[in-house]
Each structure stands twice: as C-alpha cells, then as structure tokens.
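To start, the structure itself, in structure tokens.
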Amino acid sequence: MCPHWAMPALWRTGLLLSFISYSASLEEACVLGVVGQPISLPCFYNGLKLDSLNFSIEWRRDKDVVLRSVWEEARHVEIQSMSNANSTTVSSDAPQTGNFSLELSAVDPQESQTYYSLFLIIPGKEQSPPICRVCFRTAARFSSPLLKREEPVKGDETVFMCHSSGGFPEPAVRWLVDETEEPPDGSIRTFTAPLPGSLFYNITSHLIINISQDTSVSCVIENQSMNETLTSTSYGVRTSPVARRAAEAMWIFSTALCVVVGLMIFAALVYQIHLDRTSKRHCHSDKGHKDDCEDCEGETVVMNSEQVDSLTETDV
C-alpha cells in the first residue's frame with residue numbers, strides 16, 4: 001500500500017477517535033437540574049497560571065452570555081450577571097483553586113436542553129475554544145398519581161381515571177392489569193397540558209376495560225429524565241389483607257360446619273338402619289309365639305259367646 005494513501009486513512013481514523021472521545025466527554029459532563037432547586041455546573045481549569053494575570057471569563061448559554069467576571073492579578077474586581085431567570089455566580093478565588101463552576105440559584109424549566117460553555121479571555125491573545133462545555137437538562141418531579149375506579153353503569157366495562165401534575169418534561173403513562181398484563185389497544189386515552197403560567201405538566205389518563213371486580217389495575221407514571229417511576233394501584237374488592245383473612249376464615253368455618261353436619265346425618269342414617277334390622281330379627285324369632293296367642297284369644301272369644309247364649313235362654 002502506498003504511503004500517501006495510508007496517511008489520509010490514519011488521519012480519518014484519528015479524527016474519528018477524537019470525535020468519539022469528545023462526544024463521550026460531553027455525555028459525562030451532562031448535568032440534570034431539578035426545577036426550582038440550585039445547581040452547580042462543574043468546570044475545573046488547570047492550564048495557565050492565572051495568579052498574576054489580568055483576565056476575564058464568560059459563561060455562555062449557547063451563544064448568550066449569562067455571566068462575565070473580571071480579575072486583575074488574581075483580585076476579583078467585577079462580576080456581571082446577565083441572566084434574567086436567576087442569579088449566577090462564580091467563586092472569587094477561582095484563579096487559585098481552578099474551580100470556575102457556575103452556580104445557578106434556581107433551575108428554570110425553559111432550559112430543557114441547553115449547553116453552557118466557559119471562555120477564558122486574556123487581553124492581547126486570540127479567543128481560545130471553551131475550556132469547559134456542559135450539557136444541561138432540566139426535570140421536575142410529578143405528584144403521586146391519583147387513581148379512581150368507577151363502577152360500571154351499563155354493561156360490564158369499568159372506567160379508571162389516573163391524574164398527576166407538577167412535573168417536567170412530559171412523562172410516559174402505562175396501565176397494567178393484575179400487575180403484568182397490558183390493556184387492549186384502544187382502551188386508553190391520555191391528555192397532557194401545561195399548568196397555567198408555567199411549563200409544568202398536568203396529565204390525565206382514562207382506561208375503559210371489561211374486567212371482574214377483584215382484578216387489580218395499576219397506573220404508572222414514568223419520568224425518564226429523572227429515572228423516576230410512580231405507581232398507583234386499585235385492588236377492586238380486595239380492600240385489605242384483614243378482610244381477605246376474615247373471608248378465608250369464614251370459608252374454612254362454613255366448610256367444616258358442612259362436613260360435621262354431613263357426618264351427623266350419615267351417623268343417624270346408619271343408626272336407623274341398624275334399628276330396623278334389629279326389629280325385623282325380633283319379629284321373626286317371636287312369630288310362633290304370636291300365632292299361639294292369637295289361637296287362645298280366638299277360643300276365649302268363642303267361649304264367651306256360648307256363655308252369653310246360655311244366659312239368654314235361661315232368662316227366657
């Protein structure tokens with residue numbers, strides 16, 4: 001392979017590796033800010049000795065300057081905050097420590113995806129590339145979802161309503177049936193709208209589904225920016241473990257009672273059959289005796305009738 005062909009290939013490979021390394025460094029510098037809370041955008045400089053120099057720095061959001069600070073021989077002489085949303089500061093001893101991190105008093109939800117860059121400006125020298133570049137994303141926590149279950153009025157379809165508010169950015173909503181199954185297509189309707197006068201979101205989702213009364217249904221709000229998942233579950237008639245244990249105990253008692261009553265009836269039947277068989281055996285053993293008694297009773301009746309006839313004749 002010719003050397004003049006090999007050099008461009010090596011140059012392209014080196015450029016690609018540099019771009020990958022630069023992209024990875026930007027990803028590592030990405031900072032997540034929670035709306036309304038203070039945040040620090042890190043930047044540490046360990047290049048030129050700045051103790052005896054006159055210089056200034058500029059923190060820029062994209063192309064807009066948000067803070068300008070001036071030092072003369074390591075003495076902080078001026079700081080100008082250009083940000084209207086919140087106050088911004090840099091440590092006054094930054095030249096000695098090398099810590100030029102930008103402190104924001106409160107995170108603004110409008111800065112959903114921005115880049116902050118720090119430029120070092122030394123009089124008499126050309127403008128150099130930024131010494132720090134920080135990817136900045138914002139997010140806010142949603143309220144715990146409120147889940148309501150409406151009993152079916154017509155047919156067997158049950159309506160569920162899930163509501164959450166105050167979060168940022170727009171979240172994802174999922175429904176689960178019995179904690180694992182997803183509802184059928186077309187059964188979910190979700191509405192998202194910003195809160196009045198802010199960029200925070202209200203989210204309301206409805207689920208209409210045909211299920212039994214003891215089926216559990218869960219509403220899941222996912223804020224991927226904050227890696228936060230909020231879940232609310234409706235358990236139907238299974239209101240509490242105490243009620244379930246009471247129902248189980250009642251079922252066991254009813255079952256045991258049925259078994260006992262069945263055994264008593266069975267014992268009574270067996271005893272009645274035993275009595276019937278014993279009575280029949282006595283009847284068979286006393287059959288001859290009963291015939292003799294009947295003959296004697298017959299003779300007695302005949303004799304009594306003859307005596308009555310004789311007394312009648314005598315009277316006559």
Side-chain angles (χ1 to χ4, degrees), residues 21-47 50 55-71 76-121 128-145 164-172 192-203 221-230:
S21 300
Y22 181 71
S23 300
S25 64
L26 290 181
E27 185 67 24
E28 291 177 357
C30 231
V31 175
L32 175 65
V34 179
V35 174
Q37 297 184 7
I39 189 68
S40 175
L41 305 183
C43 180
F44 295 90
Y45 177 73
N46 51 7
L50 302 175
F55 68 95
S56 62
I57 63 164
E58 287 184 354
W59 269 104
R60 300 176 185 175
R61 180 176 59 235
D62 294 332
K63 295 182 180 181
D64 299 328
V65 178
V66 296
L67 180 138
R68 181 182 291 113
S69 189
V70 180
W71 279 268
H76 201 190
V77 295
E78 184 181 5
I79 184 169
Q80 298 177 355
S81 177
M82 312 294 182
S83 176
N84 296 326
N86 48 52
S87 61
T88 54
T89 58
V90 171
S91 175
S92 59
D93 60 352
Q96 290 80 21
T97 62
N99 182 6
F100 287 91
S101 300
L102 180 65
E103 305 291 335
L104 302 178
S105 60
V107 174
D108 188 346
Q110 294 180 349
E111 303 181 24
S112 57
Q113 183 72 38
T114 56
Y115 285 90
Y116 280 79
S117 303
L118 175 64
F119 291 86
L120 177 63
I121 302 172
S128 60
I131 61 176
C132 291
R133 191 165 183 261
V134 182
C135 170
F136 183 53
R137 296 183 295 110
T138 59
R141 291 183 174 87
F142 280 86
S143 63
S144 180
S164 182
S165 62
F168 184 85
E170 184 176 346
T192 304
L195 286 169
S198 72
L199 296 179
F200 299 133
Y201 282 99
N202 266 342
I203 186 164
I221 305 293
E222 294 181 345
N223 190 343
Q224 298 178 355
S225 295
M226 298 195 64
N227 195 25
E228 183 179 58
T229 300
L230 303 172

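Scope of the values below: all heavy atoms of this structure, side chains included, with no hydrogens, waters or symmetry mates. From a predicted model like this one, the values you see are computed outputs, not experimental measurements.
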For Ala140 against Phe200, the heavy-atom pair lying closest together: CB-CE2, 3.9 Å
Rounded distance [0.5 Å steps], CG in Leu67 versus CG in Leu102: 6.0 Å
Inter-residue atom distance Cys132.SG - Tyr116.OH, 0.5 Å rounding: 14.5 Å
More than 12 heavy atoms of other groups within 6.0 Å of Arg60 CZ: yes
Closest heavy-atom pair and its distance - Pro145, Ser164: CA-CB, 4.3 Å
Pair Phe168-Phe142, side-chain contact (heavy atoms from CB on, under 4.5 Å): steps then yes or no: CA-CA 7 Å; Phe168 184 85; Phe142 280 86; 5.9 Å; no
Separation between CG of Leu104 and OG1 of Thr88, rounded to the nearest 0.5 Å: 7.0 Å
Arg133 to Tyr115, cation-pi by 6.0 Å centre distance and 45° axis angle: yes
Where Trp59 and Cys43 come nearest, the two heavy atoms and their spacing: CZ2-CB, 3.7 Å
Heavy atoms of other groups near Glu228 CD, more than 12 under 6.0 Å: yes
Check: Val35 main-chain N/O paired with Thr138 side-chain donor or acceptor under 3.5 Å: no
Interatomic distance, Tyr45 atom OH to Leu50 atom CG [nearest 0.5 angstrom]: 5.5 Å
Distance in Å, Ile221 CD1 paired with Arg141 CZ, rounded so as to fall on 0.5 Å steps: 16.0 Å
Non-hydrogen side-chain atoms of Val34 and Val107 separated by less than 4.5 Å: no
Side-chain touch Asn223/Pro169, heavy atoms, less than 4.5 angstrom: yes
Any side-chain heavy-atom pair of Ser56 and Phe119 under 4.5 Å: no
Between Ser40 and Glu103, a side-chain donor and acceptor under 3.5 Å: yes
Interatomic spacing from CD1 in Ile121 to CD1 in Ile57 - rounded to 0.5 Å: 9.0 Å
Residue Asn46 excluded, over 12 heavy atoms near CG under 6.0 Å: no
Closest non-hydrogen atom pair, Met226 against Leu32: CA-CD2, 4.1 Å
Ser225 vs Arg137 side-chain heavy atoms within contact, under 4.5 Å: yes
Parallel, tilted or perpendicular, as decided by the 30° and 60° cut-offs, for the rings of Phe55 and Phe100: perpendicular
Minimum heavy-atom distance between Ile203 and Pro171, given as atom pair plus value: CD1-CG, 3.7 Å
Side-chain donor or acceptor of Trp71 paired with backbone N/O of Asp93 under 3.5 Å: no
Nearest atoms (heavy-atom pairs only) where Val134 meets Val31: CG1-CG2, 3.7 Å
